[in-house]
Every structure is written in C-alpha cells, then in structure tokens.
> 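What follows is a structure written as structure tokens; I'll ask about it next.
Note that this is a predicted model, so its numbers are computed, not measured. For ligands, and for the atoms within them, numbers begin at 1 and follow the listed sequence.
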Amino acid sequence: MIHYYIITIVLCLCGVNNVQPKEVYNDWDILIFTQQWPATVCNEWVHHDPSHTCVMPKQVDTWSIHGIWPTKLGTRGPLFCNRTWLFNPEEIRPIEKSLINVWTNIEGGTEPYSLWAHEWSKHGTCAAVLESFNSEFKYFSKGLDFLKQYNMTHILSQSGIVPNDQKKYALIDVYNAVTNQLHVNPSIQCREGMTYLDEVRICVDKNLQLVNCDGISNHKIVDGVSIITNCHDYIYYPHFKIPPKRIYIQLYKLVSWLQWFSL
Ligand SMILES: *[C@@H]1O[C@H](CO)[C@@H](O)[C@H](O)[C@H]1NC(C)=O
Ligand SMILES: *[C@@H]1O[C@H](CO)[C@@H](O)[C@H](O)[C@H]1NC(C)=O
C-alpha cells in the first residue's frame, strides 16, 4: 500500500513536470529531407492492391521528393503542429508544374494534392516555426531547392551507383556514395523484404546546414560502420518497369480498339 502511494506521488510529480507549454512539444532539432525511389514506391503500392496504378516523375529513373520532416532527436516528429492550417492548392500554383514533376504523388488514383496536403499538415506546419519555412509556398519551394542541391540521382551516380535490375549493391557502397559527396551520414531505408532501396534521407539543422542524421533511429553496424538503416547488406536499386497488370490492361484496350475498328 505504501509502495502504491509512493508510486502514485512520483507519477503525479512527473506528470506535473511534464505539463509544458505547447510550443515545447512542437520543438524540433533537425529537418530530414527525404527522397524516395519511385520504382520501389510503385512496386509496394501495386503489391498492396493489384488494381493500383502509379504516376511516375517526369524524368524516368530519378529520385522524387517525399518530404521535409522536422524531427526532435531520439523521437519522431513533432507532427501536425497546426491542424487548422490546411493545405491550399492556390498557394503552390506558381510551382505546381515543378512539384508534379519531382515531388510526385506516385500512388495513382488517390485524391489530387493528397501527398502534398499530407506532407504539409503533418510536417510543414511544424517546419513553419522557421522563417524560411513559414508558408506553404516556402515549404514546397525549399523542397525543390534541396532536390537540386542534394540530387540523389546525381550523388549516387558519381560513385557508379545507377539503377540495375540484375545486380545487388552493397549497402555500404550506397552509404559511402552519399558520405563521399555530402560528408554527413544519411539514413537509408528499404522496402520489400528490406532488399529494395526505397528512401535516402539527409539531415539539416535549423540554419539549413547539413548535419549527420545521427540521433534518428535504427542504427546497424555494416563493415564496422554504424549506418542508420533498415536495409539488408545487399540491396536492389531497380529500374522502373510498368507493373505486369497494366500491360494486360493496355493489351486489352488495344484488342478492344482493334475489334471496334474492324467492325
Ligand atoms: C495556425 O494556423 C492558422 C492559419 O494559418 C493561424 O492563423 C494560426 O495562428 C496558427 N496557430 C498557431 C498556434 O500557430
Ligand atoms: C538530378 O541529376 C540527374 C543526373 O545528373 C539529372 O538528370 C536531373 O535533371 C537532376 N534533377 C534535378 C532536379 O536537378
């Protein structure tokens, strides 16, 4: 019984200490700039449901932006810092074409603007405490700038890492390709049995200077190097191939059209 009281008192005291102003909860340390590999994102989307289709970035086999994510070290988020600040398509109208090309909503058939609206509400409203991110237009423009500056297609190709359906790349080589160019540690994420390269994340501080992504989760040791990753040691970096189902649909359309034509 006494134990119970002591525990209760301790819990209460902690509870009191945890009551902090709301801004503290929304505080963060770094921004994670995440680029995604469209071929892997598409495969995952189609695996999830074979009726799914994909929308690809304008340039084939190039990395696409996923988002810019304010992050408190050792945690995820903060997220959804201002639920009343909704995504407004009018604000990004001047850069909409560029966003479609390189910040592509790969998951076809979803609502127009769904990726951008999601990234804005979940992450953008938290980034907005920085002057350089304090509007929707600035948040999305910064994504375009970052992609030019930290172009993963370019960075990986500098070390001879280019899409290839046959061979697997050593994770450590992908890691080294990024650190050789940027001199900071990235986070490398995989999907589909953790053998398909999915995302490369790099980190900047509040002055938008590159910093190591150390302090975000899931390190593992590969060849004596601590890498932030969920990938296996050897991974695919595949070309985009139209999922087979879509070829059947295309063929079916062609045959129907020919039949109609021959009537
Ligand atoms: C949330 O966003 C709205 C709309 O931009 C703004 O008027 C309001 O001040 C914001 N609230 C906070 C707490 O920043
Ligand atoms: C990224 O680099 C690739 C290869 O160098 C290039 O083709 C592409 O246009 C670049 N993308 C951007 C947004 O700069």
> For Trp69, does the six-membered ring have the charged nitrogen or CZ of Lys122 within the cation-pi criterion, i.e. under 6.0 angstrom from the centroid and within 45° of the normal?
no
> Which one of Phe87, Tyr139, Trp85, Phe133 satisfies the side chain to side chain contact (heavy atoms under 4.5 Å, CB included) criterion with Thr125?
Trp85
> Can you work out which protein residues put a heavy atom within less than 4.0 Å of ligand 2?
Gln59, Leu147, Asn151, His154
> Let me confirm one number: the CD1-CD1 distance from Ile228 to Ile32, rounded to the nearest 0.5 Å.
8.5 Å
> Between Asp233 and Lys220, does at least one N-O distance fall below 4.0 Å, as a salt bridge requires?
yes
> Charged N to carboxylate O below 4.0 Å: is that the case for Lys241 and Asp61?
no
> Per the disulfide (SG to SG under 2.5 Å) rule, what does the pair list look like for residues 109-168, sequence neighbours excluded?
Cys81-Cys126
